[in-house]
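Counting starts at 1 for both ligands and their atoms, in listed order. Start at 1 with the first residue, then count along the sequence. Just so we're clear, the structure is a prediction, and the values are computed from it rather than from any experiment.
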Amino acid sequence: MRPPHLPLNRQRLIAPGPVEVEPQVLLELARPQPHHRSPEGIAALAEARAKLTALLGDPYDAVITTSSGTGAFEGALVSLTPEGAKVVNAQAGKFSERWGEMAQRLGYRTTLVAKPWGELLDPQEVADACRDAHTLLVTHSETSTGALHDLAAIAGAAKAQNPDLIVIADCITSYGVAELRPAEWGVDAVVSGSQKGTATPPGLGFVLFDPQVQERMVPATGRGFYLDLTRELRGQKAGNTPQTPAINLIVALSRALDRLLSVPREVLWAEKRRQADALVAAGEALGAPAWAARTSPAVAVLRPPAPLTGRQVAARLAEMGQRALPGQAPHEDTVFRVSTLGYADRYDALGIAGILEDAFASLGVPFTRGAAVSAAWRALGEG
Ligand SMILES: *Cc1c(COP(=O)(O)O)cnc(C)c1O
């Protein structure tokens, strides 16, 4: 039996969003209320938009929506796709399924190209479906399965079939985390949200538009009003927003982006890769391998050893004050999900490996103490 000990210092968010937020970023939210039409408010919007573009690395124009990532995605879709057009949705998990449902509800002629959860999309299969399509919806980092789909190959093959195709990518957990080169890869609109890689509280969505695709944006013709991003982009470029933006969150976002922009993107991507690899290595050492063959640096989606279920592991972690997640329906029991997305460093990855050891030990899984932490160290390139 373990001796009694102090309660843990804090609850840890080790889920793939919302994520831990840097204390300095949270402090930005304690400032006196700024007005979004004041010189300070206008400057804050311009600054945050410029930093979003810098983090992307290509000269795309950012629109910040007051919504979660789903709202930003809907805005990108309705603003780039005329009524009744053909939309192809490549799906292999919960989030990519959402975009197909969204396109159907919005009345687009929707073709689904589906793979089972945990598998990888086949670029040629997706491309073949895009021959006569207007828009392709594709998810880069599928947070429900932990797969990092080959966005470069998918967008490349699809554009080779159909050069006029518009590619909208859900990069909600890959932006600022995984290698992402939209101009080179042929991605026209990149969508993300504040509570994922940019480590800001929830409430903001982002769309970064390729300069050329902006000429093809659908003017407001009944395709949404609040999420008409043609209007929004025009306004934000001129320094204002048609509606009241979540200006406090925009100020906080700007501060959070400073940390991510303090190193070259390649350094950031490699760091996040190693952290996620450390979680996968820790899982393997405990008999819980990754579900996907090509893993996302945003999240480790791990299959617990039978008879343990994903829900049991997530529940045990929650009892320990660690907010991880089970799989998403209908795969709650297939997997559990842990993550170093957001404000997390290499020692957080090592800490999570230790936490997993405690959880698995208390659930009766046999292993040698230190195995997961050692595996995590090796994945981090040490030891
Ligand atoms: C979180 C997430 C979403 C949904 O974003 P919200 O901000 O919750 O609307 C969509 N796609 C992926 C891949 C995600 O991880």
Next on the checklist: So Leu137 and Val87, do their side chains get closer than 4.5 Å, heavy atoms only?
Outcome noted: yes

Item to check | Nearest heavy atoms of Ala300 and Val280, plus distance in Å | outcome: CB-CG2, 4.0 Å

Next on the checklist: Can you tell me how the ring of His140 sits relative to the ring of Trp185, calling it parallel under 30°, perpendicular over 60° and tilted otherwise?
Outcome noted: perpendicular

Checklist entry - If you measure every N/O of Asp170 against every N/O of ligand 1, is any gap under 3.5 Å? => result yes

Next on the checklist: Suppose I only count heavy atoms of Gly69 and a 4.0 Å limit; which atoms of ligand 1 are within that range?
Outcome noted: 6 (P), 7 (O), 9 (O)

Item to check | Atoms in ligand 1 flagged as close to Arg98, the criterion being non-hydrogen separation under 4.0 Å | outcome: 4 (C)

Checklist entry - Which residue and non-hydrogen atom of the protein lie closest to atom 6 (P) of ligand 1, and at what distance in Å? => result Ser68 OG, 3.4 Å

Checklist entry - At under 4.0 Å between heavy atoms, which part of Gln195 makes contact with ligand 1: side chain, backbone, both or neither? => result side chain

Checklist entry - Do Gln328 and Thr145 have side-chain heavy atoms sitting under 4.5 Å apart? => result no

Checklist entry - What are the two closest non-hydrogen atoms of Ala199 and Glu20, and how far apart are they? => result CB-O, 3.9 Å

Checklist entry - Hey, which atoms in ligand 1 end up nearer than 4.0 Å to a heavy atom of Thr173? => result 15 (O)

Next on the checklist: Between Arg303 and Val335 (side chain of the first, backbone of the second, donor and acceptor by atom type, cut-off under 3.5 Å), is there such a pair?
Outcome noted: no

Item to check | Donor on one side chain, acceptor on other, Glu28 and Asn248, under 3.5 Å | outcome: no

Checklist entry - Just which atoms of ligand 1 are under 4.0 Å from any heavy atom in Trp99? => result 10 (C), 11 (N)

Checklist entry - ligand 1 versus Thr70, non-hydrogen atoms closer than 4.0 Å: side chain, backbone, both, neither? => result both

Checklist outcome for this item: For Ser141, the atoms of ligand 1 under 4.0 Å from one of its heavy atoms are 13 (C)

